[in-house]
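In this text, all values refer to a predicted model and were calculated from it rather than measured experimentally. One is the number of the first residue; the rest follow in order along the sequence.
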Amino acid sequence: MAEPIVTVILNHNIVSEHPLRTSDPFTLGPLDQLVHTGVSINVVWFYESMTQDELVPLFKFRRAINRLLDFYPHLTGRLSIHPDSGTRTIRKLGTGMHLIEAKCNASLQKFREKSQRVSNELDIFSFPQSGDALLAPWDPSPEAVQRDPIFTIQHTRFACSAVAIGMRISHVVCDAGGFLQVYQDLAEIYRAIGTKTDLATVSLSVPPCLNSFMVDKMLHMDPKECEQALSKTPKHFFLATATESTSIWSQYDTSEPILGRSMNISSANLANLKAQAVALDGSTTFSSFCVLSAYLWQQTHIARLHRSNRLHSPTSSPYSKSAFLTSVNFSTQMGLPSHSFGNSIITPFAELTSDQLATRSISNTAQIIYELTQIGPTTEIKEQAKWIAAQPDKTLIRYSFPFSPSSFMTSGWHRFPLYQGAALDVEPVFVSPTFIPTFLVDGLVYFLKPRDGRDGLDMIMSLRESTWKELDQCDGFAKMFR
């Protein structure tokens with residue numbers, strides 16, 4: 001059989017079921033001003049049934065989206081970046097989101113057979129374009145992100161009648177938790193719709209709170225408050241000069257491909273790894289996230305060093321230091337309302353010399369990550385938000401994370417329910433985020449909660465091809481993951 005192909009049938013423009021009752025423009029919060037506009041959040045849910053002929057019929061699914069947009073009206077608009085201040089808002093509310101209708105000429109079973117995972121389990125990287133073909137197109141250019149929808153869904157029917165639902169939302173408007181909240185709300189609405197249901201009677205058990213964290217400071221700050229906010233620059237932030245590039249992404253050699261891979265660590269292997277990581281104070285128990293982040297950061301760095309030492313002299317190696325970055329959600333500490341929507345994360349980082357990282361114990365590295373993930377005084381986060389809101393030109397804001405060929409990042413998606421609350425006609429058989437082909441990062445890991453009944457912890461990870469080859473030759477790494 002020929003290679004599987006995903007073909008787009010039709011692009012449906014979807015608006016809310018009822019007239020909008022939200023101001024235009026819609027104001028975004030201070031932390032929404034920091035996310036790179038070219039980054040989207042993407043997840044694909046797969047549904048399969050041996051007894052039901054037509055899963056997730058498009059007409060019913062479209063009606064569910066209509067009603068969903070009544071609760072998230074700003075997702076019908078377009079991102080707008082003010083030419084002078086760089087302030088981001090959502091304008092043109094009511095323009096609509098895009099629902100892409102598509103089909104695949106292969107059955108879901110064909111992708112199981114292509115999978116490199118244990119027992120031929122589904123693997124997002126076995127699908128066309130590593131799963132990106134199951135999502136609506138995404139153009140990260142500054143012009144396109146202000147022209148195209150910020151919210152898209154692709155409905156792809158396979159030859160076996162299984163269905164993939166690929167959802168994409170601009171990271172500017174929400175973080176991972178908010179993104180998954182949207183899908184759970186969509187699923188709740190879908191399940192409530194019958195053949196003759198009046199959509200006005202369909203509601204959500206917990207409606208969303210759309211006001212971003214400290215959005216009031218974007219709406220108004222008096223001169224004295226602005227002056228006070230600008231008097232102290234938050235840690236790790238600085239202002240670029242007007243002539244510097246606005247991109248936070250450094251450009252490196254792209255001749256070598258960056259490849260994504262799905263992996264799983266068993267509960268037994270994870271327990272053994274955690275047993276090696278004893279906190280320095282003897283009382284703190286490190287989380288799976290801290291220990292696994294420490295292990296992967298260290299092993300990836302050693303693999304990079306091995307290859308670099310064959311190509312560079314020690315004085316010219318790009319791996320003399322390595323920086324680690326992660327994200328921490330502060331919703332609980334700030335007492336934000338349940339079902340808050342927007343970006344409510346900070347991104348702490350730490351940097352070690354090559355020798356420190358390559359030779360220190362996993363306990364020491366896990367300790368550093370543990371300390372990074374502890375939320376400090378909430379006043380610091382509030383001061384950071386005020387400083388951002390008060391900036392007259394937000395395009396000059398920079399974060400000093402030393403993004404380089406040696407950097408490494410992990411994200412704790414395992415804290416969020418990928419499967420729970422996602423049932424449509426049936427429960428999903430497989431769920432996975434995808435990486436953005438135009439923003440592939442060398443050294444990025446998403447930790448994922450497995451489906452009920454599955455052991456251990458799942459993850460997807462992207463690295464340069466040469467680094468994967470080095471890791472595959474490491475017996476300990478190969479035995480740790482499957």
Side-chain angles (χ1 to χ4, degrees), residues 9-24 26 41-45 47 52 54-78 90-102 135-136 148-157 163-170 173-174 177-212 337-342 416-428 431:
I9 301 171
L10 197 60
N11 184 346
H12 304 265
N13 191 70
I14 312 293
V15 296
S16 58
E17 178 69 12
H18 300 97
L20 297 176
R21 292 179 293 179
T22 303
S23 61
D24 189 347
F26 180 88
I41 305 176
N42 335 282
V43 175
V44 185
W45 287 261
Y47 298 87
Q52 196 164 336
E54 188 183 12
L55 282 176
V56 197
L58 194 70
F59 175 74
K60 179 180 178 181
F61 189 63
R62 178 172 176 164
R63 292 190 74 207
I65 298 173
N66 284 139
R67 183 57 172 151
L68 175 78
L69 294 173
D70 286 339
F71 297 96
Y72 294 90
H74 63 308
L75 295 185
T76 63
R78 297 295 183 267
I90 304 298
R91 295 180 180 270
K92 302 180 181 178
L93 273 67
T95 304
M97 62 81 70
H98 285 179
L99 170 62
I100 308 297
E101 181 182 355
L135 294 145
D148 298 338
I150 57 177
F151 176 36
T152 62
I153 295 179
Q154 181 165 310
H155 177 292
T156 306
R157 191 169 299 282
V163 170
I165 304 297
M167 190 170 87
R168 193 192 301 269
I169 300 180
S170 167
V173 299
C174 66
F179 174 94
L180 294 173
Q181 170 185 303
V182 170
Y183 194 80
Q184 290 162 0
D185 288 347
L186 173 60
E188 181 181 350
I189 291 170
Y190 179 89
R191 293 191 300 268
I193 293 177
T195 54
K196 297 182 180 180
T197 302
D198 178 359
L199 287 185
T201 67
V202 177
S203 191
L204 291 171
S205 55
V206 184
C209 174
L210 300 183
N211 291 331
S212 293
S338 172
H339 244 49
S340 289
F341 191 70
F416 304 114
L418 285 174
Y419 292 87
Q420 182 183 348
L424 297 178
D425 298 316
V426 295
E427 298 284 347
V431 185

In this structure, are over 12 heavy atoms from other groups packed under 6.0 Å from E54 atom CD?
yes
Main-chain N/O of I9 paired with E101 side-chain donor or acceptor, under 3.5 Å
no
Closest approach of G94 and L20, non-hydrogen atoms and distance?
N-CD1, 3.5 Å
In Å, rounded to the nearest 0.5 Å, how long is the span from CG of L99 to CD1 of I153?
6.5 Å
Hey, what's the ring geometry for F341 with Y72, parallel, tilted or perpendicular (30° and 60° as the breaks)?
perpendicular
S16 side chain to D70 backbone, donor-acceptor under 3.5 Å:
no
Under the side-chain contact (heavy atoms from CB on, under 4.5 Å) criterion, do C174 and V182 qualify, and how do the steps go?
CA-CA 10 Å; C174 66; V182 170; 5.8 Å; no
Which pair of heavy atoms, one from I100 and one from A136, lies closest together, and at what distance?
CG1-CB, 3.7 Å
Sorted by chain and number, sequence neighbours left out, side-chain contact (heavy atoms from CB on, under 4.5 Å) with R191 holds for A187, E188, A423
Atom CD in Q184, atom CG in L418: separation rounded to 0.5 Å?
9.0 Å
Go through V44 and T156 one step at a time and tell me if the side-chain contact (heavy atoms from CB on, under 4.5 Å) criterion holds.
CA-CA 10 Å; V44 185; T156 306; over 6 Å; no
Please check: side-chain N/O of Y419 versus main-chain N/O of V431, any donor-acceptor pairing under 3.5 Å?
yes
Test your reading of the model: is there a side-chain donor-acceptor pair from R78 to the backbone of G96, 3.5 Å cut-off?
yes
With sequence neighbours excluded, tell me which residues meet side-chain contact (heavy atoms from CB on, under 4.5 Å) with K92.
T95
Set of salt bridge (Lys or Arg N to Asp or Glu O under 4.0 Å) partners for D148, sequence neighbours left out:
none
Check: V56 main-chain N/O paired with D425 side-chain donor or acceptor under 3.5 Å:
yes
Where is the tightest heavy-atom contact between L135 and Q154, given as atom of each residue plus distance?
O-OE1, 3.1 Å
To the nearest 0.5 Å, atom CZ of R67 lies from atom CG of L204 at 7.5 Å
Closer than 3.5 angstrom, by distance alone: can the side chain of N66 be matched with the main-chain N or O of V15 as a donor-acceptor pair?
yes
Under the 3.5 angstrom rule, does the side chain of R157 hit a backbone N or O of L55 as a donor-acceptor pair?
yes
Rounded distance [0.5 Å steps], CE in M97 versus CG in N13
9.0 Å
L75 to L69 - nearest heavy-atom pair and separation:
CB-CD2, 4.2 Å
Test side-chain contact (heavy atoms from CB on, under 4.5 Å) on I165 and Y183; report intermediate values, then the result.
CA-CA 10 Å; I165 304 297; Y183 194 80; 3.7 Å; yes
Distance col, row L424:CG vs I189:CD1, nearest 0.5 angstrom, shows 11.5 Å
What about H12 and F61, are their ring centers closer than 6.0 Å?
no
Shortest non-hydrogen contact from A192 toward V202:
CB-CG1, 3.9 Å
Has the side chain of H74 got a donor or acceptor atom that lies under 3.5 Å from a matching backbone atom of F26?
no
Evaluate N42 against M167 for side-chain contact (heavy atoms from CB on, under 4.5 Å), listing each step before the verdict.
CA-CA 6 Å; N42 335 282; M167 190 170 87; over 6 Å; no
Looking only at non-hydrogen atoms, find the nearest pair between L210 and P73 and report the distance.
CD1-CD, 3.8 Å
Find the distance between CG (L68) and CG (L186) and round it off to the nearest 0.5 Å.
5.5 Å
